[in-house]
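Read through the structure below, which is laid out as structure tokens, and then see the notes.
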Protein chains: 2
Amino acid sequence: MDTAERLVESTRELLWERGYTGTSPRAIQERAGAGQGSMYHHFRGKQDLAVAAIRRTADDLRTRAAAELDGPGTGVERIAAYLRRDRDVLRGCPVGRLTQDPDVLADPALHAPVTETFDWLCGRLASILAESRATGELPAALDPDDTAAAVVATLQGGYVLARAAGSREPFDRAVRGAIGLLNAAKGAA
Amino acid sequence: MDTAERLVESTRELLWERGYTGTSPRAIQERAGAGQGSMYHHFRGKQDLAVAAIRRTADDLRTRAAAELDGPGTGVERIAAYLRRDRDVLRGCPVGRLTQDPDVLADPALHAPVTETFDWLCGRLASILAESRATGELPAALDPDDTAAAVVATLQGGYVLARAAGSREPFDRAVRGAIGLLNAAKGAA
DNA sequence: GTCTATAACAAGATAGAC
DNA sequence: GTCTATCTTGTTATAGAC
């Protein structure tokens, strides 16, 4: 890995752990094993590095989610598989985390990849749920867009509860709860 | 409002907007209209002020949630009322927000009120859901603890989605989605 | 490309005058 | 109780040597 690459990867880790405001160029340089001059040679500054880091993190999330959601099984099965995927729960979501940073929301270059990630994810889930409704797996009364938002929110909120509790348990409960509700709804179809 | 009071209220606002790391003593003093010496006379420092602020914010949340959850109606109705309560969505949850701050999680005095708030909230919702299950409003297959976690997570995650989108719409969708799933589950009881 | 020097400013607090 | 002065360290760069 060359220097520029190490700088981006270090920035990704630090943004995940400490957010944008909590991440200093100094900390990035230390973690990347790069000097001051080196960093400012490859990037214009903290914001420039953060843009590269956030873009890559957002692309990653999208790629991994797609792998799960394009898999085999009925709609509800695929969504359950996505929800149950092994996650480093206590670290939280590297994209969702950024929404708590006012400096990220205030800068369109930093904010846009976050917006696009969740737009895409909710849309993808909604189209799966719409399919399930069309085939009769889910009742007609269930709105695909609303249900998709609830599913994604369950994950994002699960991270919050887990970090509040200092344990992954509330996250696992929330996931089981969401799947339980989807299955109960199936019974009503 | 005396000086100490204004300092605590300013700290509450800033913690909500910018988190612990993003909030400086200087900013607190400015917002409170108090001087450096004044702040350090009433409080030992930033952490001391934050403890007071977080405690009060956590108590507030609990009081307001209890008002909704102890109201009239069936279990599902009360939970729907709680979910639908008018909220300043784009500001996010003043308690949930703190879980993204590693400095808060690392300090037991700052972390404890956050933990207790969500423990209490999930517990309260679980007992309402258990009631609903006992009376046959909800099917026996629905686990109260899991479902409660899913409901709270929907709210917390809804805030995340709304801030990502720069609009309250995803939050409202998630809430409608959760209520829709609860009602569909009711049909399966 | 990487290093060191420098700089202006903010963070977070202490000390002592008033 | 509040004010101003002072202090150390960190932030976020820029400049220029190597």
Side-chain angles (χ1 to χ4, degrees), chain A residues 1-55 97-98 100-111, chain B residues 1-57 97-98 100-111:
Chain A
M1 225 180 355
D2 67 0
T3 303
E5 195 62 23
R6 284 202 319 277
L7 283 164
V8 172
E9 287 303 316
S10 300
T11 305
R12 291 181 64 192
E13 290 174 18
L14 282 164
L15 286 179
W16 194 357
E17 291 167 23
R18 309 202 37 84
Y20 185 76
T21 303
T23 295
S24 67
R26 186 181 223 289
I28 294 170
Q29 293 153 28
E30 252 166 49
R31 189 169 299 209
Q36 191 96 313
S38 194
M39 176 187 137
Y40 283 100
H41 171 75
H42 292 287
F43 298 91
R44 257 169 312 182
K46 175 178 168 173
Q47 192 259 8
D48 192 30
L49 248 170
V51 169
I54 292 175
R55 283 237 182 83
R97 200 240 178 277
L98 301 168
Q100 299 308 314
D101 222 309
D103 297 336
V104 169
L105 300 196
D107 182 336
L110 300 173
H111 193 169
Chain B
M1 227 179 359
D2 66 1
T3 303
E5 195 61 22
R6 285 202 318 278
L7 284 164
V8 172
E9 287 303 314
S10 300
T11 305
R12 291 180 64 192
E13 289 174 20
L14 283 163
L15 286 178
W16 194 357
E17 290 167 24
R18 309 202 36 86
Y20 186 76
T21 303
T23 295
S24 67
R26 186 181 223 292
I28 294 170
Q29 293 151 29
E30 253 166 48
R31 189 168 300 210
Q36 191 97 312
S38 193
M39 177 188 136
Y40 283 101
H41 171 75
H42 291 289
F43 298 92
R44 258 169 311 182
K46 174 179 169 173
Q47 190 259 11
D48 193 29
L49 247 170
V51 169
I54 292 176
R55 284 236 183 83
R56 188 175 299 181
T57 296
R97 199 237 176 280
L98 300 169
Q100 300 308 316
D101 221 310
D103 296 336
V104 168
L105 300 196
D107 182 336
L110 300 173
H111 193 170

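Throughout, protein chains are lettered first and strands after them, A, B, ... in sequence-line order, and every chain is numbered starting at 1. Here the structure is a predicted model, which is why all the values come from computation and not from measurement.
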Exercise. Near B/Arg31 CZ, under 6.0 Å, is it more than 12 heavy atoms from other residues, nucleotides or ligands?
Worked result: yes

For this session: Could you check how far CG of A/Asp48 sits from P of D/dT12, rounded to whole Å?
Result: 15 Å

Problem set entry | B/Glu9 with B/Arg12: basic N within carboxylate O range, under 4.0 Å | yes

Exercise. Which of these, A/Val8, A/Asp2, A/Thr3, sits in a side chain to side chain contact (heavy atoms under 4.5 Å, CB included) with A/His42?
Worked result: A/Thr3

Exercise. Looking for any heavy atom pair under 4.0 Å, which part of the strands does B/Thr21 touch: base, sugar-phosphate only, or nothing?
Worked result: nothing

Exercise. Roughly, in whole Å, what's the span from NZ in A/Lys46 to C1' in D/dT14?
Worked result: 18 Å

For this session: Would you tell me if any nitrogen or oxygen in the side chain of B/His41 comes within less than 4.0 Å of OP1 or OP2 on D/dC3?
Result: no

Problem set entry | Whole angstrom value for the distance that separates P of C/dA13 from CZ of B/Arg44 | 11 Å

For this session: Give a yes/no answer on whether the side chain of B/Thr3 brings an N or O atom under 4.0 Å of OP1 or OP2 in D/dT2.
Result: yes

Exercise. Between B/Leu15 and B/Ile54, is a side chain to side chain contact (heavy atoms under 4.5 Å, CB included) present by the stated rule, with each step listed?
Worked result: CA-CA 8 Å; B/Leu15 286 178; B/Ile54 292 176; 3.8 Å; yes

Problem set entry | Proximity to DNA chain D (any heavy atom under 4.0 Å), residues of residues 8-15 of chain A only | none

For this session: Give, ordered by number, those residues of residues 24-38 of chain A having at least one heavy-atom distance below 4.0 Å to an atom of DNA chain D; if nothing qualifies, reply none.
Result: A/Ser24, A/Pro25, A/Arg26, A/Gln36

Seminar exercise, completed: Heavy atoms of B/Met39 and B/Pro25 approach each other most closely as CE-CB, 3.8 Å

For this session: Starting from C1' on D/dT4, measure out to CE on B/Met39 and report it in whole angstrom.
Result: 16 Å

For this session: Starting from P on C/dG12, measure out to CZ on B/Phe43 and report it in whole angstrom.
Result: 17 Å

Problem set entry | Distance in angstrom units between A/Leu7 CG and C/dT2 C1', rounded | 12 Å

For this session: Could you tell me whether the side chain of B/Asp101 and the main chain of B/Tyr20 form a donor-acceptor pair under 3.5 Å?
Result: yes

For this session: Return each pair, listed once, that meets salt bridge (Lys or Arg N to Asp or Glu O under 4.0 Å) where at least one residue sits in residues 32-46 of chain B; pairs must be two or more places apart or across chains.
Result: B/Arg44-B/Asp48

For this session: Quick one: closest heavy-atom pair of A/Gln47 and A/Asp107, and the distance?
Result: NE2-OD2, 2.8 Å

Problem set entry | Length of the line joining B/Leu49:CG and C/dA11:P, which is rounded to integer Å | 15 Å

Exercise. Which listed nucleotide (C/dT2, D/dA13, D/dT2) is nearest to the side chain of A/Tyr40?
Worked result: D/dA13

Problem set entry | Nearest non-hydrogen partners of A/Arg18 and A/Arg97, listed with the distance | C-NH2, 3.4 Å

